[in-house]
Novice: 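The following block contains the structure, expressed as C-alpha cells.
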There are 2 protein chains.
Amino acid sequence: MSTERPHRRPTITDVAARAGVATSTVSRALSRPERVNVHTREHVLAVVEELGYVPNPAARALESGRTRTIALLVPDITNPYFAGVIKGAERAAAAAGLTLVLGDTQESAATEEQLVRRLGRSVDGFVLSATRLPDDDLRRAAEAGPVVLVNRAARGLPCVVADYDSGTRQIVDHLASLAHESFVFAGGPAESWSGHRRWLGLQAAADAAGLEPHRFGPYSPTMSGGPAAADAVLASGTTAVVCHNDMLAIGLMRRLAQRGAMVPRDISVVGFDNIVGADFCTPPLTTLAERSEDAGARAVEALALQVNSRAPHAATQLLPTQLVIRESTGAPRSPASGASEAPGR
Amino acid sequence: MSTERPHRRPTITDVAARAGVATSTVSRALSRPERVNVHTREHVLAVVEELGYVPNPAARALESGRTRTIALLVPDITNPYFAGVIKGAERAAAAAGLTLVLGDTQESAATEEQLVRRLGRSVDGFVLSATRLPDDDLRRAAEAGPVVLVNRAARGLPCVVADYDSGTRQIVDHLASLAHESFVFAGGPAESWSGHRRWLGLQAAADAAGLEPHRFGPYSPTMSGGPAAADAVLASGTTAVVCHNDMLAIGLMRRLAQRGAMVPRDISVVGFDNIVGADFCTPPLTTLAERSEDAGARAVEALALQVNSRAPHAATQLLPTQLVIRESTGAPRSPASGASEAPGR
DNA sequence: TTGAAAGCGCTAACAT
DNA sequence: ATGTTAGCGCTTTCAA
C-alpha cells in the first residue's frame, strides 16, 4: 500500500517550475503551440504529461468569461421526445467540446425562469426546448447570452422547429382519405407554442380538405391527461382525435379501451412525436414523426456557433416531419352500420 | 429603442463602491449575513438588488476549489429507466443547490472513462449509473473526488442498488407458482453489474424453488436486442424467459408476435425495470419494478453529503423492488394439450 | 521566442 | 463590525 495522500493537483506553476520556464510559456505551449519554439514546446508537453497536468476550467473561465458549458432546459426529461432531444444535444455538445448541463423545468414557466437565472452565470448559452416562457422573457435571456430555441419561434432568436405546416397537412389528408368528416384536437398546455402551431396547422389543413376541426382541452401532455381527454372525446361522438402528443394519445387509448371503445373502429387516434412506445402500444399509434435527436443536435450546433463567434444570428431551421401510419387510424364506421344505433335486435 | 449596449455585469467591487463599503463586507453580507451589522447588511443587499448583482461562480470556484456542480453519467439517456434516474437526480440536485451535468456514455466503458476525465476538473463529484467501468477505474475515480454508484457495488464506494435478491426471488417464485419448471435468462452486456446480480439471484432462487435456469446472450439491452433473443428462446423450446431489462423484453415480444408465438400461452416473459411502456405494450409486461427516480435522488443526496462534508463514507443503500404482474406471464401449456404437438389434425 | 507582471472576481486571513 | 490584502490558476499584455 503506497502512502497515497490525495496530493494537490499540479498547477501551471508546477509545470513551469519543473520545466524551467515561465508559466506564460506553458500556457502558450498549450493554447497557441505555434507561438513557442518547437523544442521547448515538446519539453513542456512532456512535463505536462509527466505531471498529469490538466488546466483548471474555473481559472480559465474567470479569465475569459466563458465556461465552455451550455445548458439544455426541457419540460420533462421522462418524456421520450425530450429524451431524444437530450441525446442529440449531448452528442453534439461532446463533439463541439462543450459540457452540457441539463435542467428539467417540470412543465413550469416559473421553474424555467428560475433555472435560467440560476444557471445564467455558469453557462455560455442556453438551448430552450419547448419553452413555456413568454417572448419577453426569451428576449431578455437572449440579451444576457446566446439562446437557441427548439420547437418554439420568437422573432430575432435562432430556432429549430419541426415543419408543422407540412405535418398537420399530412395528418388531415390522411384522415380525409379515410373519409372522416371532422376531428377533435385534444390540446396540450396553453403556453405550448408547438401545441399552438399544431392547432393552427390542423385548422388550415382541415379548411383546405373540407374537414371540421374541434379543439378540446387543455390536457396534461402526459399519460395522465388521457382519461379526461378520452371521456370528452367519447362524449362528443367524434370519429377521430388528434392528440397534442403521443403520451397523451397513449393515455387516451388506454382509457378508450377501458371504456370499451375500439380503436380505430370507433375512433381513430393520431399523435405527435413518434416516441419509442408509439410502435408497441395497442394499437400501434399513427403519429407525426419529428426528428428529436436531430433537433437537439442542430440546436447545440447553432449555439456552439454563437458561443464561439460571439456573433448572434437568428436563422430558423425547419426539420422535416413525416406521418407514420400505423394501426390507430382507419375509416369511420359508416353511420348506417353503426352498432350503437342498430335498430331492432 | 434604447441604446442597450450589453453592459458589463456588475462585480462585487461595483457593489462595494456603490454601497461605500469594502468588498469583503459585501461578500460577508452575502455568504455570512450574521457576521455583519444588520443595518449595513440591509444597505448592501439593497445595492445588490439595485445593481442586479450575481456572484460569478467561476471566481467562487477558483477560490474554493468547488464548483457546486456534479455529474451524472448514464449508459443511455433514451432508456426510460435512466430517464427516471435522471429525473430523480435532477430534482435532488436542484434541492441541494447543485447543478447537474449529464453525460451519455453510449454503453461504452471507453466513452465513460473519457467523460470522467474530461469532466473531472469541472465537477465536485460523480454519480455513475450502471457504470461499465471496472473496479480499478472506479477506485481511481473515487480518489480524485466523491463518487456514488447506482446499481453497481464496489468495495469502499457508496452505492444505491436495487434489492435484486428479493426481486429475483419474487420472479422465480411467480414462475414456480405458475408451474414452470425451467426458464431462460436473456442476458444483457457482459460488463453489466446489475445483469450479473440478476443472474446470480435468479440462479439462487431457481435452486431454492427447484427450477432449472439457463442463460442466453449477451444481447443488446435495447429493443434491437429482441430479435436475436426471441429466436434463440424459440429455438430452445423454453416456457419462460426472463429478460435483462424491459426494453429487451419488449423487443423480444415483438419478434415473438411476428413469428406467431403467443405470450404468455407459448412463452411467458418477464422484464426488469418497469419502465413507462411496460404497462402499455402487448401484452402488458410482468416486470420487476425498481425505483429509478428514488435511486437517482438518493445517489445525489449521498453525493451532496460527501461534497459538503468532504467526508467520504461508503454506505450501501438498498432500494426495495417489487414484481408487477401483468399479462405476459401465465401457466405453460401442459405438454399433452400443446397445439404444436397435437397428433392427427 | 520567452519572461515578468498585472489582473479576472471572489473569499479568507489578518488588522483595525 | 469592517477594511486591507493576499492569493486561487490562468491568460495576456508588455518588455526584453
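Convention: sequence-line order gives letters A, B, ...; per-chain numbering from 1.
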Novice: In whole Å, what is the span from the CZ atom of B/Arg66 to the P atom of C/dC10?
Specialist: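 Going from CZ in B/Arg66 over to P in C/dC10 covers 18 Å.
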Novice: Atom CG of A/Leu30 and atom P of D/dT12: how far apart are they, to the nearest Å?
Specialist: 12 Å
Novice: Could you tell me the separation between the CD1 atom of B/Ile12 and the P atom of D/dG7, rounded to a whole number of Å?
Specialist: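 That distance rounds to 19 Å.
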Novice: Give a yes/no answer on whether the side chain of B/Ser64 brings an N or O atom under 4.0 Å of OP1 or OP2 in C/dT11.
Specialist: no
Novice: Kindly indicate, with the supporting measurements, whether the criterion salt bridge (charged side-chain N to carboxylate O under 4.0 Å, His left out) is fulfilled by A/Asp135 and A/Arg140.
Specialist: CA-CA 9 Å; A/Asp135 280 25; A/Arg140 196 166 326 124; over 6 Å; no
Novice: Please state how far atom CZ in A/Arg121 lies from atom P in C/dC8, giving the value in whole angstrom units.
Specialist: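 Whole-Å distance recorded here is 14 Å.
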Novice: With side chain to side chain contact (heavy atoms under 4.5 Å, CB included) as the test, pick out the partner of B/Val307 among B/Thr67, B/Thr69, B/Asp124, B/Val300.
Specialist: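 Among the candidates, only B/Asp124 passes.
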Novice: Give the nucleotide from the list C/dG3, D/dT4, D/dT11 with an atom nearest to the side chain of A/Ala22.
Specialist: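 Minimum distance to the A/Ala22 side chain belongs to C/dG3.
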Novice: Donor-acceptor pair under 3.5 Å: do we get one between B/Thr40's side chain and the base of D/dT2?
Specialist: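 No, no donor-acceptor pair under 3.5 Å.
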Novice: Taking the side chain of B/Asn37 as heavy atoms from C-beta outward, which of C/dC10, D/dA1, C/dG3 is closest to it?
Specialist: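 My answer, after comparing the listed nucleotides, is D/dA1.
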Novice: Whether B/Thr25 contacts D/dG3 is assessed here as follows: a side-chain N or O lying under 4.0 Å from the phosphate OP1 or OP2. Is that the case?
Specialist: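 It does, given that an N or O in the side chain of B/Thr25 lies less than 4.0 Å from OP1 or OP2 of D/dG3.
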Novice: B/Arg41 near the nucleic acid: base, sugar-phosphate alone, or nothing, with a heavy-atom cut-off under 4.0 Å?
Specialist: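 Touches nothing.
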Novice: Find the bend of the helix from C/dT1-D/dA16 to C/dT16-D/dA1 as the angle between its two terminal axes (five pairs each), to the nearest 10°.
Specialist: 40°
Novice: Has B/Asp137 got a side-chain atom pairing as donor or acceptor with B/Leu133's backbone, closer than 3.5 angstrom?
Specialist: no
Novice: Examine D/dT11: is either OP1 or OP2 under 4.0 Å from a nitrogen or oxygen in the side chain of A/Ser27? Give yes or no.
Specialist: yes
Novice: The side chain of A/Glu63 is closest to which nucleotide in this list: D/dC10, C/dA12, C/dC10?
Specialist: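 The closest nucleotide is D/dC10.
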Novice: Evaluate the salt bridge (charged side-chain N to carboxylate O under 4.0 Å, His left out) criterion for residues A/Lys87 and B/Asp76: first the C-alpha distance (whole Å), next the side-chain angles of each, then the deciding distance (0.1 Å), finally the verdict.
Specialist: CA-CA 8 Å; A/Lys87 184 128 188 164; B/Asp76 177 12; 2.7 Å; yes
Novice: As a test of reading the structure: which of D/dG9, C/dT2, D/dG3 is closest to the side chain of A/Asn56, going by heavy atoms?
Specialist: D/dG9
Novice: Return the 5'-most residue of the pair A/Ser31, B/Ala59 with respect to DNA chain D, ranking by each residue's nearest nucleotide.
Specialist: B/Ala59
Novice: Taking atom types as they are modelled, would you say the side chain of A/Ser24 forms a donor-acceptor pair with the base of C/dA5 within the 3.5 Å cutoff?
Specialist: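 Not at all, since no donor on one side and acceptor on the other fall under 3.5 Å apart.
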Novice: Nearest whole Å is fine: how far is C/dG3 P from A/Arg35 CZ?
Specialist: 14 Å
Novice: Do any N or O atoms from the side chain of A/Thr40 and from the backbone of A/Asn37 form a donor-acceptor pair under 3.5 angstrom?
Specialist: yes
Novice: Rounded off to whole Å, could you give me the NE2-to-C1' distance for the B/His39 and D/dT2 pair?
Specialist: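 That distance rounds to 15 Å.
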Novice: Roughly how many Å is it from CZ in A/Arg60 to P in D/dT11, rounded to a whole number?
Specialist: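 For the pair A/Arg60 CZ and D/dT11 P, the rounded distance is 5 Å.
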Novice: So for B/Arg28 and D/dG3, does any side-chain atom that can act as donor or acceptor lie under 3.5 Å from a complementary atom in the base?
Specialist: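 Under the 3.5 Å cut-off, the side chain and the base do form a donor-acceptor pair.
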Novice: Tell me if the CD atom of B/Glu49 is crowded by more than 12 foreign heavy atoms within 6.0 Å.
Specialist: no
Novice: Whole angstrom is fine here: how far is it from CG in A/Leu62 over to P in D/dT12?
Specialist: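 The answer, rounded to whole Å, is 13 Å.
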Novice: Is a side-chain donor or acceptor of B/Arg41 paired with a backbone partner of B/Thr25 at a separation under 3.5 angstrom?
Specialist: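 No: the side chain of B/Arg41 does not pair with the backbone of B/Thr25.
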Novice: Does CZ in A/Arg18 sit with more than 12 non-hydrogen atoms of other residues, nucleotides or ligands closer than 6.0 Å?
Specialist: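 No - once you tally the heavy atoms of other residues, nucleotides and ligands closer than 6.0 Å, there are 12 at most.
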